Protein chains: 2
Amino acid sequence: MSDNQKWSILQGDALKVLGTFAPNTFDAVITDPPYASGGRTQAEKNKSTARKYSSMGENAPPPFDGDAKDQRSWTRWAAEWLYEARKVCKSGAPVCMFIDWRQLPAATDALQWAGWIWRGTTVWDKGNSRPQKGRFRQQAEYIVWGSNGDMPISRPVPCLPGVFKYGNPQSRIHLTEKPLQLMRDIVKITEPSGHILDPFAGSGTTVLAAVQEGYTATGIEVTDTYAELARERIRAELEKAA
Amino acid sequence: MSDNQKWSILQGDALKVLGTFAPNTFDAVITDPPYASGGRTQAEKNKSTARKYSSMGENAPPPFDGDAKDQRSWTRWAAEWLYEARKVCKSGAPVCMFIDWRQLPAATDALQWAGWIWRGTTVWDKGNSRPQKGRFRQQAEYIVWGSNGDMPISRPVPCLPGVFKYGNPQSRIHLTEKPLQLMRDIVKITEPSGHILDPFAGSGTTVLAAVQEGYTATGIEVTDTYAELARERIRAELEKAA
DNA sequence: AGACCAAGTGAATCTGTGA
DNA sequence: TTCACAGATTCACTTGGTC
């Protein structure tokens, strides 16, 4: 681990890397998996993520892996990694998983298949999504959360809000990068100084937010470009603060 | 219909009354069905709705019917009335259905089983729910919405927001009464001067909001106490405005 | 003021299959 | 071989609040 063992980003496939941890290692799982909900047809989903999610053209961030699954296989796959993640978590550990409206039902299924107790759904209000004539704006993403078995009310964790309103970050490394402050709010579901796991680290926002809030964090990222970008970003941000 | 045929509240079981309308009667379905999600165990669900939803004691509103169903049968029942409602709607008609976080996946299933196209999920941020130590606040309800077949972009309906923030009304007739302004925002998904159907009218907020926004509205309510309370309320409010 | 937005629609084009 | 048609794919365009 870098920086006094406070954080690390491991490069590799989430399912494989999860198998290498010992049980009872983590105090929370907080992650933003690939949604695989870009299109209604298989063909649409097979499109490159760069073209699917953005219209930035030449300057678009590199595409990311793991986003080409149909809904059924996505659910099975999610249940799989959620199960592996739960196995390396302590009892009572919370889990938070970002998801969009289209995959929300599949996400709650997967969470429960994997043995987590589903305890709620929290809303990230993005505020500034694209409007559509004659329709409701698709302006929220969701955080499905739960716990590994019972979650005693006595945990030293305060009350947390149920709706978070933050605009999308201006300049992003990753196509789906979340606002840092949002992640700093979310990680607070973890017990103080706990060890947080993010199996889909992307640009490392969760890991960075966790460290900034006094937690230890381990991220996993398949795409080596992103793994390295995330490490650089976190290093730079933490040095800036020091 | 009362008030120049602008609105009516029919007393009866939603499924039965829905069967009495002719096809192509309605331009939208906007409703807040019983959620049946008050407890995790069957026993908890069998509790009286008055005790489940409120701690107002003696002054609590009367209990309402249709809220003691387990999740599987709730889904089948919802698919049933959603199907019947769709059959009496015009092609392209939108549907909006309030639901809480726990039943959201079941609601999206039921909507699609009934042949509606699921087009999105919208958020009602209640703002003021009860905080819970060590957990995220459960402060949102959801509006699952869709359409009866294609929904051309050319409908004369503007862009609509995707998150609505309104506090719960202070004094309520019905236990689950929605803020009037919220309903006035939601009904705007309907084509101007369209005919809106609410199979679970409750205290009549949807019908009132619809009429105030220039639509025609038909409500159905099982509990005759509520049917009459709703009629009185709507009459009084419309007279007040006139 | 201008860009942005884990879109979505619908027309037009392309591809492949079978009569 | 050619035509018709269905499905897949591309592409332009919409819209408005917010940063």
Side-chain angles (χ1 to χ4, degrees), chain A residues 31-71 74 78 97-104 106-107 123-144 164-183 186 200-203 205-206 221 223 226, chain B residues 91-92 94 117-123 125 145-165 185 188-189:
Chain A
T31 195
D32 181 27
Y35 296 172
S37 50
R40 253 179 310 191
T41 65
Q42 189 55 43
E44 267 182 86
K45 289 191 189 154
N46 292 340
K47 284 204 301 191
S48 148
T49 50
R51 302 216 304 123
K52 189 159 64 181
Y53 292 119
S54 104
S55 24
M56 303 182 209
E58 299 299 312
N59 300 323
F64 57 93
D65 292 333
D67 201 50
K69 298 178 170 64
D70 70 23
Q71 180 149 337
W74 185 90
M97 173 179 170
F98 278 81
I99 203 69
D100 70 353
W101 65 274
R102 207 181 280 275
Q103 292 291 68
L104 196 147
V123 175
W124 169 35
D125 180 357
K126 292 184 284 191
N128 59 350
S129 68
R130 195 181 273 97
Q132 295 168 70
K133 192 170 171 308
R135 284 130 220 263
F136 295 109
R137 190 184 282 240
Q138 211 47 75
Q139 137 181 27
E141 279 182 41
Y142 303 91
I143 300 143
V144 169
F164 301 89
K165 181 158 189 178
Y166 293 110
N168 254 318
Q170 325 280 30
S171 69
R172 297 183 292 179
I173 300 178
H174 196 274
L175 285 161
T176 68
E177 188 172 323
K178 300 289 175 283
L180 181 61
Q181 192 56 51
L182 170 66
M183 298 316 300
I186 299 290
F200 305 95
S203 53
T205 312
T206 306
E221 171 57 40
T223 319
Y226 280 124
Chain B
S91 166
I117 294 179
W118 178 33
R119 290 187 178 270
T121 301
T122 292
V123 174
D125 180 357
W145 70 278
S147 67
N148 184 14
D150 286 340
M151 192 187 195
I153 209 84
S154 56
R155 291 190 322 139
V157 170
C159 293
L160 300 165
V163 174
F164 301 90
K165 183 159 188 175
D185 288 351
K188 296 204 178 93
I189 189 75

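What you are looking at is a predicted structure, and each value in this text was computed from that prediction instead of being measured. All chains are named by letter (A, B, ...) in the order of the sequence lines, taking the proteins before the strands, and each is independently numbered beginning at 1.
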Parallel, tilted or perpendicular, as decided by the 30° and 60° cut-offs, for the rings of Trp145(B) and Phe136(A):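 Answer is perpendicular, since the angle exceeds 60°.
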
Strictly below 4.0 Å: does [X] bring a side-chain N or O up to OP1 or OP2 of [N]?
X: Arg102(A); N: dA7(C); value: no
X: Lys133(A); N: dG16(D); value: no
X: Asn168(A); N: dA6(C); value: yes
X: Arg119(B); N: dT9(C); value: yes

Nearest whole angstrom, please: distance from the [atom2] of [N] to the [atom1] of [X].
X: Gln138(A); N: dG17(D); atom1: CD; atom2: C1'; value: 16 Å
X: Arg155(B); N: dG10(C); atom1: CZ; atom2: C1'; value: 16 Å
X: Ile117(B); N: dG8(C); atom1: CD1; atom2: C1'; value: 13 Å
X: Arg130(A); N: dG2(C); atom1: CZ; atom2: P; value: 19 Å
X: Leu160(B); N: dG17(D); atom1: CG; atom2: P; value: 11 Å
X: Trp101(A); N: dA6(C); atom1: CH2; atom2: P; value: 15 Å
X: Arg137(A); N: dT14(D); atom1: CZ; atom2: P; value: 17 Å
X: Leu182(A); N: dA6(C); atom1: CG; atom2: C1'; value: 14 Å

Any side-chain heavy atom of [X] sitting closer than 4.5 Å to one from [Y]?
X: Val123(B); Y: Asp125(A); answer: no
X: Ile186(A); Y: Phe164(A); answer: yes
X: Arg155(B); Y: Pro94(B); answer: yes

Base, sugar-phosphate alone, or nothing: which one does [X] contact when heavy atoms must sit under 4.0 Å apart?
X: Glu141(A); answer: base
X: Trp124(A); answer: nothing
X: Lys165(A); answer: nothing
X: Pro161(B); answer: nothing
X: Asp32(A); answer: base
X: Pro169(A); answer: nothing

Nearest-nucleotide comparison on DNA chain D, the residue closer to the 5′ end among Gln132(A) and Gly127(A): Gln132(A)

Nearest-nucleotide comparison on DNA chain D, the residue closer to the 5′ end among Pro158(B) and Gly167(A): Pro158(B)

Upstream residue (5' side of DNA chain C) when Ser154(B) and Pro131(A) are each assigned their closest nucleotide: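 Result: Pro131(A).
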
Closest-nucleotide ordering on DNA chain C, the 5'-leading residue of Arg135(A) and Lys178(A):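 The 5'-side residue here is Lys178(A).
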
Pair partner, dT1(D) [Watson-Crick or wobble, under 3.5 Å]: none

Complementary nucleotide for dG17(D) - Watson-Crick or wobble, under 3.5 Å: dC4(C)

Tyr166(A) six-ring face occupied by Lys126(A) cation (under 6.0 Å, within 45°): no

Check against side chain to side chain donor-acceptor pair (under 3.5 Å), Arg119(B) and Ser147(B): CA-CA 7 Å; Arg119(B) 290 187 178 270; Ser147(B) 67; 2.8 Å; yes

